[in-house]
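As the structure lists them, so they are numbered: ligands from 1, and atoms in each ligand from 1.
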Amino acid sequence: MADRVVGVLGAGYVGLTTAACLAHLGHRVVCVDSCGSKVADLRRSRTLIGEPGLDSLVREGLAGGRLWFSTDLGALAPAGEIVLCLPTPMAEDGTADLGTVDEVVPALAGIAADCAVLAVKSTVPVGTSARIARRLDRADVAVVSNPEFLREGHAVDDFLRPDRIVIGAVDPAAADRVAALYPGVPAPVVRTDPASAELAKYASNAYLAMRLSYVNTLAELCERVGADIGPVAGIMGLDSRIGTAFLEPGPGWGGSCLPKDTSALVHTATTAGLRSDLLRATITANVEQRNRIVRKVRTAAIGHPAGSLAGTRIGVLGLTFKAGTDDLRDSPALAVVAELADGGATVTAHDPAVPDPPVPGVHLVDDPVLVAKDANAIVVLTEWPQFRALDWAGMAELAHGDVVVDARNVLDPDDLRAAGLTCRGLGRPVAREAVP
Ligand code: UGA
């Protein structure tokens, strides 16, 4: 293995994680990205991606001479295997935009080594591996689907200790070469055809989205019938057929993957002549979830779920799409904030990972306590654990109103009650939260 070179195309969070982890697994890895400043930073071990463990793996790879970076596609020429990690963002019509892939593949055709294997790690619609093979037009180069299942904030761990390694290949020998990229990785290797591997990635993300839309709907139902989503989800999760993960209600699912992939799957289904009502309802329920949080904040601030917020101040805790990342892409928190600001509220926000105002009109503060200043209501939109231990008594003194909407159920209602505040979580009976 010592002389093999593996190429990684793209140094985004998937590409860089892939390159650094492959180097950690013992491969010699060249990672190519068209962005000159990014490559210059990476050569100096500056990743600028807040993934736990990634910086040290990049440093380890550079220091050990097993990892290097280039802007030149030609640097992939010695690679026996090339792992494609290019972005496939959502186009305006909800489909996956394959523009970057389509642009790069013909250039790769003139560069890839004889009998190279191209492993497609990017999330791409069913049929894309076959389409890449056609555009590549190299009979000696096998194109294999090898989708990633990396969560932001856990990407290194998910790469080195995944639940499964999926390899969709027509040629079993090419599949063997992709499997050999993961020596010692403790996971079942699922070998299948390319279309099934490609679909499995979308199917997984859309299922997670569906589960969350379901749990958010259940949380609303709990509030209406006097039940508590905590035990309800806990009891569901103890059923081994269901499992405990992804049952926390929130302001809606977001980020750079679940929304784009669910939307793209609807398009795939529609193109295949399928109605896909369940997937569409998953998306509709997610929009409704954000509106539901806005209505809760309005009720907390002005005593009514509708009506203008003009003249009110709302304090916001958390802006990223989930805790443990600085990523704001498709963050439900931003959608809620925009809606509150549009409704006339003055919004003051704090997020430990966001140094600059992400949307116009939002005032950012470094000290989370200060979001409470003159606030008619406070809302928690990202589940940063440190919010639990804030000086809630101090915040109660600063605030104008006394209600905190906890759209992540991260706070302890008893702590807030002791501070003189009322915590309105999701899916919890009001009696448990109200000031006695
Ligand atoms: C997601 C998938 O989880 C990864 O397996 C996949 O590889 C990745 O997309 C991708 O396609 O690249 P990620 O985008 O990092 O990973 O986000 P998740 O951790 O899945 O969270 C998605 C959303 O669900 C967030 O807004 C989060 O706050 C929300 N969520 C998650 C909840 O509201 N409740 C939960 O219980 C769990």
Side-chain angles (χ1 to χ4, degrees), residues 10 12-18 49-52 85-90 96 121-125 146-159 161-166 187 197-198 200-219 229-230 233-234 236-237 242-265 282-283 285-286 289-290 292-293 318-336 351 353 380-385 406-410 425-427:
Y13 106 95
V14 172
L16 187 57
T17 304
T18 299
I49 299 178
E51 275 302 326
C85 302
L86 295 172
T88 54
M90 181 155 65
K121 204 166 262 309
S122 308
T123 301
V124 291
N146 178 216
E148 57 88 9
F149 297 93
L150 310 178
R151 289 165 299 166
E152 282 186 37
H154 296 85
V156 168
D157 204 48
D158 285 347
F159 192 101
R161 279 168 287 277
D163 289 336
R164 71 289 209 200
I165 294 167
V166 177
E198 289 165 339
K201 169 59 194 273
Y202 284 96
S204 300
N205 272 2
Y207 174 74
L208 293 173
M210 201 169 74
R211 194 167 155 110
L212 291 174
S213 280
Y214 178 57
V215 86
N216 285 335
T217 306
L218 277 183
I229 192 67
M236 286 169 62
I242 297 175
T244 52
F246 267 69
L247 287 178
E248 300 284 347
W253 38 274
S256 64
C257 303
L258 262 51
K260 102 175 151 58
D261 293 351
T262 309
S263 187
L265 192 57
T282 297
I283 296 171
N286 201 39
Q289 185 64 9
R290 296 170 186 195
R292 197 177 280 155
I293 303 303
L319 294 169
T320 53
F321 83 96
K322 63 176 183 179
T325 174
D326 58 2
D327 200 340
L328 292 162
R329 284 177 291 174
D330 223 327
S331 172
L334 287 191
V336 169
D351 188 294
V380 177
L381 293 172
T382 310
E383 73 282 22
W384 291 103
D406 180 3
R408 292 286 189 170
N409 286 356
V410 71
L426 298 187

Please determine if S256 has a nitrogen or oxygen closer than 3.5 Å to a nitrogen or oxygen of ligand 1.
no
Do you know the tightest heavy-atom contact between W384 and T325?
CZ2-O, 3.5 Å
Short list, please: which atoms of ligand 1 are under 4.0 Å from a heavy atom of E152?
15 (O)
Quick one: which of L381, D163, L212, D261 has a heavy atom closest to atom 24 (O) of ligand 1?
L212
Under 4.0 Å, counting heavy atoms only: does C257 come that close to any atom of ligand 1?
yes
Of D158, V14, T18, which meets side-chain contact (heavy atoms from CB on, under 4.5 Å) against E148?
V14
Numbered atoms and elements of ligand 1 in range of L208, under 4.0 angstrom, heavy atoms
3 (O)
With a 4.5 Å limit on heavy-atom distance, are the side chains of M236 and V215 in contact?
no
Non-hydrogen side-chain atoms of L334 and F321 separated by less than 4.5 Å
no
Are any of the side-chain heavy atoms of E383 and E248 separated by less than 4.5 Å?
no
Determine, considering heavy atoms only, which of D327, L258, T325 sits nearest to atom 1 (C) of ligand 1.
L258
Would you check whether H154 reaches within less than 4.0 Å of ligand 1, judged by its heavy atoms?
no
Pairs of nitrogen or oxygen atoms closer than 3.5 Å, one from F321 and one from ligand 1: do any exist?
yes
How does Y202 reach ligand 1, if at all, at less than 4.0 Å between non-hydrogen atoms: by side chain, backbone, both, or neither?
neither
Out of E148, E248, R408, who is nearest to atom 28 (O) of ligand 1 when you count heavy atoms only?
R408
Within ligand 1, which atoms have a heavy atom of L247 less than 4.0 Å away?
36 (O)
Atoms of ligand 1 less than 4.0 Å from R151 heavy atoms?
3 (O), 4 (C), 15 (O), 16 (O)
